[in-house]
Amino acid sequence: MKTVISHISLILFIVHCSICISPVVAQINKNFIGHLGRNQLQTEHQYYLFQTPLVQNDTLNYYKALYYLTYPNDSLFLTHVQTAGQLAFEDSCLLFTASINFLYNWKTKQENWFRLLQEKKDLPKSIQLLQQTFKAAQDPLNTKPLALPDNLRYDFSRYQKVCAKKPLLAAGLSALVPGLGQLYIGKKKSFVFTFFSQLIVAAQSYESVKHLGYKNAFSIINLGVWSVFYLSTIYGSYADTYKIRNELKQQYLKHASEYYPAAAPCTLY
Amino acid sequence: MQEEAYLLRRCCVFFIPMKTAPVIFLFVIYVIIHCPASLAAQNKHINNRILQHCLEPVTVPELKRNPAFLNIKNKKGKYSLNPMVYLSSGLIYFYQRFVSEHFQSNCTYEITCSEYTKKCISRYGLIKGTLLGVHQLNNCFVTAKDDYCRISISNNFKIINSLEDCH
């Protein structure tokens with residue numbers, strides 16, 4: 001102890017030299033980052049975070065995640081959020097804004113984000129609501145519309161009804177009566193137009209076969225055209241079921257992404 | 001002297017012998033002067049670098065474009081040399097160039113039926129592509145927009161028919 005105290009000046013000198021010799025690394029200036037974010041100065045923001053020598057720690061990764069939320073890039077945002085650790089998950093505004101983006105705009109990494117949120121406990125109520133909204137979109141048949149806010153129930157119930165429709169049944173109905181599969185899905189005007197166009201083409205081919213015989217070139221062309229139209233209505237009804245499901249899902253998620261920020265606005269910087 | 005020693009001991013956090021007290025005092029003064037100056041120098045240095053980077057002229061690289069006939073890709077993204085694709089694309093091109101001009105020019109869909117058929121054939125093959133194209137033709141009428149959600153209608157009141165939505 002006495003030797004330590006007697007050499008304390010030497011020890012302090014060595015410590016100070018080691019600090020001076022180490023590379024010049026600046027501390028993160030939070031006010032400056034806030035100024036860059038609020039005024040949308042992307043070039044300066046990007047340069048400050050990625051090309052200046054700053055202290056490499058969780059705080060820097062948190063600010064990089066915020067950068068990729070402001071200037072959207074879903075995959076880079078996800079990587080930086082995961083490396084930022086607990087800091088990112090304590091910022092409710094970041095979680096809220098990111099969840100809104102992942103609900104509607106960032107569709108490729110949607111499941112990754114919400115799976116990440118599922119692993120976290122004690123999330124704010126707004127984030128839990130968003131998780132519920134996403135779960136309802138993924139599994140509509142097992143979700144009750146009453147679990148969602150009033151403004152989203154109409155869109156969700158429409159999406160739920162279409163999810164209950166079977167694509168093979170739609171194709172089968174179109175095979176029986178051309179266009180009936182479209183009516184089953186919910187496209188009333190498409191049914192009318194398809195049915196009458198099929199009727200005209202079928203009548204044309206019937207008349208050509210009746211008057212010219214089936215070995216005539218004109219009859220063969222007519223029959224070929226009619227068969228292509230007929231098969232296209234069957235396949236179209238099958239494909240349209242999935243298309244409409246996707247459309248109504250996107251409609252529901254779009255309304256959710258517009259409703260929640262209006263109900264609970266927040267600012268990132 | 002004794003009073004000074006007593007005061008120094010009260011000021012210091014740890015018990016330090018009298019001989020090292022002036023050295024430590026000088027060290028503390030040095031740290032107080034040196035550290036803010038070095039931090040300010042770091043900030044100035046960084047600010048200058050940011051300014052230099054922002055004021056540099058931006059160079060945009062030239063885009064290389066492949067010839068149009070090489071743009072036909074299959075599902076894996078590789079260029080395909082399927083003769084049926086070329087034949088059907090050629091027939092549709094003939095129709096678009098010489099016949100289509102005599103019909104209506106305002107389509108209900110964003111991608112016209114002939115262009116949609118051509119793209120579907122190149123992406124999904126001849127049979128599936130033809131069926132999808134003819135299905136769109138079956139549903140091509142003015143009031144078709146009423147059957148679609150608001151999300152599928154673009155700003156110029158046309159139905160958005162992207163190839164990614166096909167099943």
Side-chain angles (χ1 to χ4, degrees), chain A residues 2 5-10 12-13 16 19-20 24-27 29 32 41 43-44 46-48 51-54 155 158 167 178-179 182 185-194 197-198 225 228-229 231-244 246-248 250-251 254-255, chain B residues 12 14-17 19-28 30-31 34-35 38-39 41-43 45-47 49-56 58 127-128 130-153 159-162 164-167:
Chain A
K2 279 185 183 176
I5 291 164
S6 61
H7 293 292
I8 200 160
S9 59
L10 185 65
L12 285 169
F13 180 69
H16 177 68
I19 291 166
C20 292
V24 172
V25 169
Q27 293 293 323
N29 190 337
F32 183 53
L41 300 165
T43 324
E44 290 86 342
Q46 192 260 343
Y47 191 79
Y48 182 68
Q51 297 186 39
T52 51
L54 295 170
D155 285 319
R158 262 177 48 180
Q182 302 277 321
I185 293 165
K187 286 181 154 187
K188 295 167 193 170
K189 292 189 179 175
S190 292
F191 160 66
V192 171
F193 197 81
T194 312
S197 65
Q198 286 287 300
V225 167
V228 168
F229 270 67
L231 290 169
S232 70
T233 50
I234 296 169
Y235 184 71
S237 305
Y238 175 81
D240 271 358
T241 324
Y242 291 105
K243 212 174 181 179
I244 280 188
N246 196 30
E247 273 177 25
L248 288 172
Q250 295 308 319
Q251 178 100 358
K254 191 186 179 193
H255 277 151
Chain B
C12 295
F14 301 105
F15 177 74
I16 299 161
K19 284 182 185 175
T20 57
V23 176
I24 291 162
F25 185 66
L26 283 170
F27 173 74
V28 166
Y30 174 67
V31 164
H34 177 73
C35 287
S38 65
L39 285 169
Q42 279 175 13
N43 277 335
H45 176 63
I46 283 160
N47 287 343
R49 280 176 70 172
I50 290 171
L51 268 175
Q52 270 174 18
H53 175 75
C54 296
L55 295 171
E56 273 170 10
V58 177
I127 295 168
K128 190 173 172 180
T130 313
L131 291 176
L132 284 168
V134 173
H135 176 64
Q136 181 171 307
L137 193 67
N138 265 330
N139 290 316
C140 191
F141 52 97
V142 178
T143 51
K145 289 164 206 165
D146 296 343
D147 275 342
Y148 287 84
C149 310
R150 248 174 290 157
I151 208 167
S152 308
I153 310 292
I159 300 168
I160 300 167
N161 52 343
S162 62
E164 281 82 24
D165 292 339
C166 296
H167 192 79

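Contact of A:K254 with chain B is made through the side chain alone, with heavy-atom distances under 4.5 Å. Only the backbone of A:S237 comes within contact range of chain B, with heavy atoms under 4.5 Å apart. For A:S190, the parts lying near chain B are the backbone and the side chain together; criterion is any non-hydrogen pair under 4.5 Å. With a 4.5 Å cut-off on non-hydrogen atoms, B:T143 touches chain A through its backbone and its side chain both. Within the 4.5 angstrom heavy-atom criterion, atoms from both the backbone and the side chain of B:N138 approach chain A.
The pair B:D146-A:K189 counts as a salt bridge, with a side-chain nitrogen and a carboxylate oxygen less than 4.0 angstrom apart.
For the pair A:K187 and B:Y148, the cation-pi criterion (under 6.0 Å, within 45° of the ring axis) is fulfilled.
When each of A:D240, A:T194, A:L231, A:T43 is checked for heavy-atom pairs under 4.5 Å with chain B, A:D240 comes out on top. Contact count against chain A (heavy-atom pairs under 4.5 Å) is highest for B:D147 among B:D147, B:L131, B:V134.
The aromatic rings of A:Y235 and A:Y238 are tilted relative to each other, their planes meeting at an angle between 30° and 60°.
The side chain to side chain contact (heavy atoms under 4.5 Å, CB included) check on B:L26 picks up nothing, with sequence neighbours excluded.
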- Message: B:C149 vs A:R158, test: side chain to side chain contact (heavy atoms under 4.5 Å, CB included). Steps then yes/no.
- Response: CA-CA 11 Å; B:C149 310; A:R158 262 177 48 180; 3.9 Å; yes

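Of the inter-residue distances, the one linking A:Q251 atom CD with A:N246 atom CG reads 12.0 Å to the nearest 0.5 angstrom.
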